[in-house]
Number of protein chains: 2
Amino acid sequence: METWNRHNPIAQFTRQRRKELNLTQVELSDTTGVGLRFVRELEQGKPNLMTDKVNQVLLFFGHELTPTPISDETRRDLGT
Amino acid sequence: METWNRHNPIAQFTRQRRKELNLTQVELSDTTGVGLRFVRELEQGKPNLMTDKVNQVLLFFGHELTPTPISDETRRDLGT
DNA sequence: TGAATTTATACCTTTTAGGGTATAAAAAAG
DNA sequence: CTTTTTTATACCCTAAAAGGTATAAATTCA
């Protein structure tokens with residue numbers, strides 16, 4: 001099983017934004033319409049998610065998934 | 001069923017980069033290790049993909065999926 | 001401290017993404 | 001134009017994501 005990583009870009013972004021708005025995971029789940037379990041797996045860095053669910057959450061923060069140059073953080077994870 | 005969109009950021013990016021390198025879908029499939037069908041669905045803008053598969057392809061181009069502010073293109077799609 | 005709230009883990013079920021392959025359509029090459 | 005290559009569509013199958021819920025751990029705050 002691939003390993004989870006709470007510090008991947010998506011997980012980190014979501015958790016940070018949610019906290020900034022002082023929302024609980026339950027509230028974020030309700031407002032975005034995704035399941036509570038999904039919010040949790042997302043924030044805990046589950047390695048495999050469906051893009052439309054992720055975007056459903058990101059949209060709430062005015063964001064979406066797009067390809068960007070690999071970050072140092074990620075490069076470190078890849079052992080490069 | 002949600003509608004496909006060949007012009008979404010991920011689809012567009014992948015197709016463009018692949019062409020720049022003069023690769024066929026088959027070649028991209030082989031070198032990245034994802035199925036050929038996946039490459040096709042990706043480039044044709046299937047609305048729902050798994051993030052790790054997408055990243056498996058993007059990695060080949062030195063990129064990865066991250067949250068970015070919503071583009072005008074996407075905003076148009078959302079009818080906003 | 002202890003009570004209340006928030007987050008994390010575990011189990012089961014339904015749905016669907018992705019792989020493989022075979023075929024058709026379209027594009028490129030000759 | 002005809003042939004070859006590339007891309008697109010259609011089918012079945014398997015694996016796993018996402019949902020719901022119940023419980024446990026951790027955090028907050030009185």
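We name chains A, B, ... by the order of the sequence lines, and we start the count at 1 in each one.
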Engineer: Could you state the atom-to-atom distance from CG of A:L28 to C1' of C:dT7 in whole Å?
Structural biologist: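 Whole-Å distance recorded here is 13 Å.
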Engineer: Nearest whole Å is fine: how far is C:dG18 C1' from B:E43 CD?
Structural biologist: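 Going from B:E43 (CD) to C:dG18 (C1'), I get 16 Å.
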Engineer: Same cluster or not: are B:V34 and A:M50 linked, directly or through other Ile, Leu, Val, Met, Phe, Trp or Tyr residues, by side-chain heavy atoms under 4.5 angstrom apart?
Structural biologist: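 B:V34 and A:M50: separate clusters.
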Engineer: For C:dA8, does OP1 or OP2 lie under 4.0 Å from any side-chain N or O of A:Q44?
Structural biologist: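 Yes.
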Engineer: Write down the distance between CG (B:N55) and P (C:dA17), rounded to a whole number of angstrom.
Structural biologist: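 Distance, rounded to whole Å: 18 Å.
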Engineer: Kindly say if B:R6 contacts the phosphate of D:dA8, meaning a side-chain N or O under 4.0 Å from OP1 or OP2.
Structural biologist: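 Yes, such a contact exists.
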Engineer: Counting only side-chain N and O atoms of A:Q25, is one of them less than 4.0 Å from OP1 or OP2 of C:dT5?
Structural biologist: no
Engineer: Which is it for B:I10 and A:T66 under the side chain to side chain contact (heavy atoms under 4.5 Å, CB included) test, yes or no, and what are the steps along the way?
Structural biologist: CA-CA 6 Å; B:I10 300 171; A:T66 63; 5.8 Å; no
Engineer: Side-chain contact test, heavy atoms from C-beta onward, threshold under 4.5 Å: evaluate it for B:F13 versus B:V57 and give yes or no.
Structural biologist: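 They are not in contact (no side-chain heavy atoms under 4.5 Å apart), so the answer is no.
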Engineer: Quick one: A:E41 CD to D:dG20 C1', roughly how many Å, whole number?
Structural biologist: 12 Å
Engineer: Within a strict 4.5 Å, meaning less than it, do heavy atoms of the A:L65 and B:T51 side chains meet?
Structural biologist: yes
Engineer: Please report the distance, rounded to the nearest Å, between CG in A:L42 and P in C:dT9.
Structural biologist: 15 Å
Engineer: Grab the CG-C1' distance between B:L36 and D:dT5 for me, whole Å please.
Structural biologist: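 It is 13 Å, rounded to the nearest whole Å.
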Engineer: Just to confirm, is there a sub-4.0 Å distance from OP1 or OP2 of D:dA26 to any side-chain nitrogen or oxygen of A:R40?
Structural biologist: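 No.
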Engineer: Less than 4.0 angstrom between a side-chain N/O of A:R18 and OP1 or OP2 of C:dT7, yes or no?
Structural biologist: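 Yes, such a contact exists.
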Engineer: Rounding to an integer number of Å, can you tell me how far A:L49 CG sits from D:dA15 P?
Structural biologist: 21 Å
Engineer: Quick check on D:dA17: is either OP1 or OP2 less than 4.0 Å from any side-chain nitrogen or oxygen of A:K53?
Structural biologist: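 No, because none of the side-chain N or O atoms of A:K53 sits under 4.0 Å from OP1 or OP2 of D:dA17.
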Engineer: Grab the CG-P distance between B:N48 and C:dA17 for me, whole Å please.
Structural biologist: 5 Å
Engineer: Within the structure, does a side-chain N or O atom of B:R37 lie under 4.0 Å from either OP1 or OP2 of C:dT23?
Structural biologist: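 B:R37 to C:dT23 OP1/OP2: no side-chain N or O under 4.0 Å.
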Engineer: Can you tell whether the side chains of A:E27 and A:R18 come within less than 4.0 Å, N to carboxylate O?
Structural biologist: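 Salt bridge flag = no for A:R18 with A:E27.
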